[in-house]
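Okay, so here's the structure we're looking at.
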Amino acid sequence: FSRGDIQTQADDFGLWVSQGRVGAFFNYPDTRMGQMAMSRSPLPAQRWLHLGFTWDEKTITFFVDGKEDGESPVTGMGIPNKKGTKAWVGSNPPGGNEFYMGPIGSVVVYSRALAGIEVQQLYMGTRIKFR
């Protein structure tokens, strides 16, 4: 998932799964690949997962199935500043033409960071739909 603008070929933030972990980036292409953040734990294969991240001026916090799964400093990426106009689910035209070929149950973007308890409640309230 990413939010960006295909006209400028730029994203302000994105979330993806790569090499068995959740990744996040801000301000592509200004942010280099090495400045992207990754969750701590490997993801279980072959089952639905509830994935997400929140951020503030200093830290990105990852969540997997309603539980916190690591933090990374925002240093080097800055907080999102491009204010993209389009949301991309299952592909990332500004960043490349890589397409996700699996099912996606839902995507939700909030205008504020959720507290850990809110992420857990969201997971608990929706997990039956995707199990």
Side-chain angles (χ1 to χ4, degrees):
F1 173 82
S2 64
R3 186 177 76 179
D5 186 344
I6 201 162
Q7 300 298 333
T8 62
Q9 294 292 297
D11 286 322
D12 57 346
F13 69 86
L15 168 103
W16 78 99
V17 174
S18 177
Q19 299 176 356
R21 296 188 325 176
V22 180
F25 66 86
F26 298 149
N27 304 316
Y28 176 87
D30 299 339
T31 299
R32 295 186 312 263
M33 292 298 285
Q35 294 171 310
M36 297 177 185
M38 300 296 287
S39 65
R40 179 182 61 232
S41 304
L43 300 173
Q46 304 298 317
R47 71 174 185 86
W48 283 100
L49 297 169
H50 185 267
L51 306 174
F53 69 98
T54 63
W55 70 84
D56 59 25
E57 295 80 22
K58 296 179 183 178
T59 307
I60 300 169
T61 305
F62 290 95
F63 292 89
V64 176
D65 285 345
K67 297 177 183 159
E68 190 175 314
D69 191 65
E71 294 183 341
S72 293
V74 173
T75 307
M77 292 191 294
I79 58 172
N81 61 16
K82 300 201 181 306
K83 308 296 182 223
T85 58
K86 302 270 186 196
W88 308 98
V89 178
S91 69
N92 183 14
N97 291 318
E98 300 157 355
F99 297 96
Y100 175 72
M101 302 305 284
I104 297 174
S106 78
V107 173
V108 180
V109 178
Y110 292 88
S111 61
R112 64 176 180 83
L114 299 179
I117 189 70
E118 292 174 299
V119 173
Q120 186 175 28
Q121 289 169 344
L122 181 62
Y123 167 68
M124 296 301 289
T126 61
R127 70 185 181 147
I128 292 173
K129 294 179 185 179
F130 302 109
R131 296 283 174 193

| said: Could you report the tightest heavy-atom contact between F26 and I79, atom names first, then the distance? | reply: CD1-CA, 4.2 Å

| query | Transitively linked via ILVMFWY side-chain contacts under 4.5 Å: V107 with I60? | reply | yes

| field | side chain to side chain contact (heavy atoms under 4.5 Å, CB included) partner of D65, the single match among R47, M124, Q120 | value | R47

| With distance as the sole test, does T54 use its side chain to make a donor-acceptor pair with the main-chain N or O of A113 at under 3.5 Å? | no

| request: Quick one: closest heavy-atom pair of D11 and G4, and the distance? | output: OD1-CA, 3.4 Å

| For E118, what residues pass the salt bridge (charged side-chain N to carboxylate O under 4.0 Å, His left out) criterion, not counting sequence neighbours? | R112

| query | Tell me, do V119 and E68 make a side-chain contact under 4.5 Å, heavy atoms counted? | reply | no

| field | Min side-chain heavy-atom separation P80-W55 under 4.5 Å | value | yes

| request: Check whether any side-chain N or O of R3 sits under 3.5 Å from a backbone N or O of D12 as a donor-acceptor pair, and report yes or no. | output: no

| Passing candidate, ring pair (Phe, Tyr, Trp, His ring centres under 6.0 Å) with W16, options Y28, F25, F1 | F25

| task | With the side chain counted from C-beta on, respond yes when K58 and V74 share a heavy-atom pair under 4.5 Å apart, and no when they do not. | result | no

| field | Candidate pair L49 and V17, rule side-chain contact (heavy atoms from CB on, under 4.5 Å), full reasoning | value | CA-CA 11 Å; L49 297 169; V17 174; over 6 Å; no

| note | When every non-hydrogen atom of T126 is compared with those of H50, the smallest separation belongs to OG1-CD2, 4.0 Å

| field | Shortest non-hydrogen contact between F62 and S72, atoms and distance | value | CE1-OG, 4.1 Å

| request: Report the C-alpha separation of F63 and Y123 in whole Å, then their side-chain angles, then the decisive distance to 0.1 Å, and conclude whether the side-chain contact (heavy atoms from CB on, under 4.5 Å) test is met. | output: CA-CA 10 Å; F63 292 89; Y123 167 68; over 6 Å; no

| query | Is the backbone of S41 close enough, under 3.5 Å, to the side chain of D69 for a donor and an acceptor to pair up by distance? | reply | yes

| query | Do F13 and L15 pass the side-chain contact (heavy atoms from CB on, under 4.5 Å) test, and can you show the C-alpha distance, the side-chain angles, and the key distance before you say yes or no? | reply | CA-CA 7 Å; F13 69 86; L15 168 103; over 6 Å; no

| task | State the CG-CZ distance between L114 and F53, to the nearest 0.5 angstrom. | result | 12.0 Å

